[in-house]
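First the structure, in the form of structure tokens, and then the observations on it.
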2 protein chains.
Amino acid sequence: MATTIDDVARAAGVSTSTVSYVLSGKRPISAPTRQRVERAIRDLGYRPHAGARALASSRTDVIGLMAPLRVDVDVAVIMQFVTGVVTAARTFDHDVLLLTSDEIAGMERVAFGSMVDAFVMLDVEAEDPRVPVLAELSQPAVLIGLPRDPEGLSCVDLDFAAVGRTAVAHLASLGHRRVALVGSPRAVMERHTSYAERLVEGFTLGAADAGVRGVVEPCEASSAGAADAVARVLADQPDVTGLVVHNELALPWVLSALRERGLRVPDDVSVLAVCPPDVALAQPLPMTSVEIPAHTIGRVAVEMAMARVERHEPAEIRLLPPQLVERSSTAPPAR
Amino acid sequence: MATTIDDVARAAGVSTSTVSYVLSGKRPISAPTRQRVERAIRDLGYRPHAGARALASSRTDVIGLMAPLRVDVDVAVIMQFVTGVVTAARTFDHDVLLLTSDEIAGMERVAFGSMVDAFVMLDVEAEDPRVPVLAELSQPAVLIGLPRDPEGLSCVDLDFAAVGRTAVAHLASLGHRRVALVGSPRAVMERHTSYAERLVEGFTLGAADAGVRGVVEPCEASSAGAADAVARVLADQPDVTGLVVHNELALPWVLSALRERGLRVPDDVSVLAVCPPDVALAQPLPMTSVEIPAHTIGRVAVEMAMARVERHEPAEIRLLPPQLVERSSTAPPAR
DNA sequence: GTGAAAGCGCTAACAC
DNA sequence: GTGTTAGCGCTTTCAC
């Protein structure tokens, strides 16, 4: 299609600006004119040239999505965030430019090159080097996660501290007095990944509040890692009856490790997973879980970004309340 | 940065075109001039405006990546293709625009809007409705996968027919006479997903060639699905000693199902996986596998796309030869 | 080896 | 309610 806005204008017998305004809706157009223009657009199969539009309007209708693809984080979960963001972006007529590898350089290239209207950034660490850079850019940004200092950027995340508290509270209310958190891989913790730390904090405080003993074990994302973590939990606390697992990749292996030790779920030990619903349902036993609404978070991130772009709303921080779904993997402890 | 190419020209005491040519290298520039310009660019922190450049040159330096995020396909594998594409794109100074949901409309919007220089498309089906549309666009496209009729588009994929043959041949050479393929979910087969069908074909032919009995069972991507598939295989062929598993999500569950039936790998049954190397290594036992070089395929796809954009090379079809890596999950059958 | 200037296709004043 | 037109920032011919 080499058709331009002028072709359309000519075909419709109006001026270019009228076509432009029909397209943008930024000024009233009489019904007959609008119809003639829309007809011409359809007949010619006209599509505005994105570059020309970006040049003239300094809007690109593109959102930059930074998704660092680290090891040790479940890409399936990342992907849910990504699809959430892409789907939501489309509802705002935006496309998504994906940045993965050379994060910081990429941000600057894309920002200074005016390739995007806003950024959404996944997998934020407490002291994330990308945050100060992002804060300096002219485009607004929304972080999925919570750095120690957001520096005026918008943030959205599940309230992982509340997740930790909710999870312990559920086990405690069933009567469990000895519980453990099988958490993120050590590497994730050492990066001070924000969600992992907040979950541990909530879990620990929640355990104290409920008067139950709660230990925390990191867990590598492999069969052997899960077996190890389970072994360490049982060594430390042989009478444990409640497990919180926050590690999608390890979850199946934690369950096999328990089975291999002759521990039945939920009869001998209750297991509560912190994960997206589909992961909870893919296990041999439907898992009671605190849901990670990855799709929702992605959507909210885009909404927040667009609010800043379109209505210049101020940056805000939103922590979504956790939701517990009881399925078959938790029960009162055996007496 | 509101600095433009004119600011740079002024600072360097040259004309705008000279700056442009320094940037593009499209005509010789004397060393001193080049240095003054480069200095000015650095001092001012100048970055060309992507939209302006796209408008003037009708090149965007962006590749459109279509990654349909279907159920039943392992997103981890998809993600490997995606990162392969993104990483490769960067080596060509290109960024990646990600399309997921509204495939066909998205393609047209992005193509007619001149937002990308080329397309790469994942997860191609035999009769993929996106292919004819893609074939009509002015931008070149590379399919990862092989439709029945590529309609003049470039294609790249692992040679899955050869994978099937290689897998059976390996088992046969170890002495196995009764083998089975635990394959993709039924839904994937019913979509006539190209790789799944070609693998089955190669497996079947390979079995015939080697004079071994080979049955094929689809397998759902869940614990229960895997258990079912294993049950069906054993019902049909109780003396099976060799399994080929082409289903990343089900692989762990296939292994547990075997264990639960008291079948030891590789003592009682050899298992050969068709999967990316990291999946092969994440299992309880390092798996002998035919590798799916997702990262490589992604890279090759980008190289082919750029060859068409930059050098107008004709479309081609490349099937990458499979590579077998022996690890611990296959052995001669017990006597 | 370098410069001047004509667009690329669109938006958004500024007119009426 | 509609038209005219001056840019937006770059690339690339054409000229020297």
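Below, all heavy atoms of this structure are taken into account, side chains as well, without hydrogens, waters or symmetry copies. Throughout, a chain's letter reflects where its sequence line sits, starting with A, and its residues are numbered from 1.
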Worksheet item: First contact, last contact: which nucleotides of DNA chain C are these for chain A, 5' to 3', heavy-atom distance under 4.0 Å?
Response: C:dG9 to C:dC14

Worksheet item: Between CZ of B:F112 and CG of B:L137, what distance do you get to the nearest 0.5 Å?
Response: 5.5 Å

Discussion item. Which heavy atom of B:L98 sits nearest to which heavy atom of B:A67, and what is that distance?
Written reply: CD1-CB, 4.2 Å

Fill in: Contact pattern, 5' to 3', of nucleotides 9-16 of chain D - B, S or - by protein heavy atom under 4.0 Å
BBBBBB--

Fill in: Heavy-atom pair of closest approach, residues A:P314 and A:R308
C-NE, 4.1 Å

Worksheet, complete the sentence: Here the salt bridge (charged side-chain N to carboxylate O under 4.0 Å, His left out) pairs for residues 7-17 of chain A, sequence neighbours left out, are A:D7-A:R10

Worksheet, complete the sentence: By salt bridge (Lys or Arg N to Asp or Glu O under 4.0 Å), B:E151 pairs with (sequence neighbours left out) none

Worksheet entry | Shortest non-hydrogen separation from B:M107 to B:L134 and the atoms involved | CE-N, 3.5 Å

Discussion item. Can you give me the bend angle of the helix from C:dG1-D:dC16 to C:dC16-D:dG1? Use the axis through the first five pairs and the one through the last five, nearest 10 degrees.
Written reply: 30°

Worksheet item: Distance from A:D128 atom CG to A:R191 atom CZ, nearest 0.5 Å?
Response: 10.0 Å

Worksheet, complete the sentence: The reported gap from CZ in A:F81 to CG in A:L122 (rounded to nearest 0.5 angstrom) is 7.0 Å

Discussion item. If I compare all heavy atoms of B:M304 with all of B:C155, which pair ends up nearest, and what's the gap?
Written reply: CE-O, 3.5 Å

Discussion item. Tell me the closest heavy-atom pair linking B:A301 and B:V142, and the distance in Å.
Written reply: O-CG2, 3.6 Å

Practice prompt. Enter the distance from B:I63:CD1 to B:F92:CZ here, rounded to the nearest 0.5 Å.
Written response: 8.0 Å

Worksheet entry | Between B:S20 and B:S17, a side-chain donor and acceptor under 3.5 Å | no

Discussion item. Counting only heavy atoms and a strict 4.0 angstrom limit, can you tell me which residues of residues 30-43 of chain B come near DNA chain C?
Written reply: B:S30, B:T33

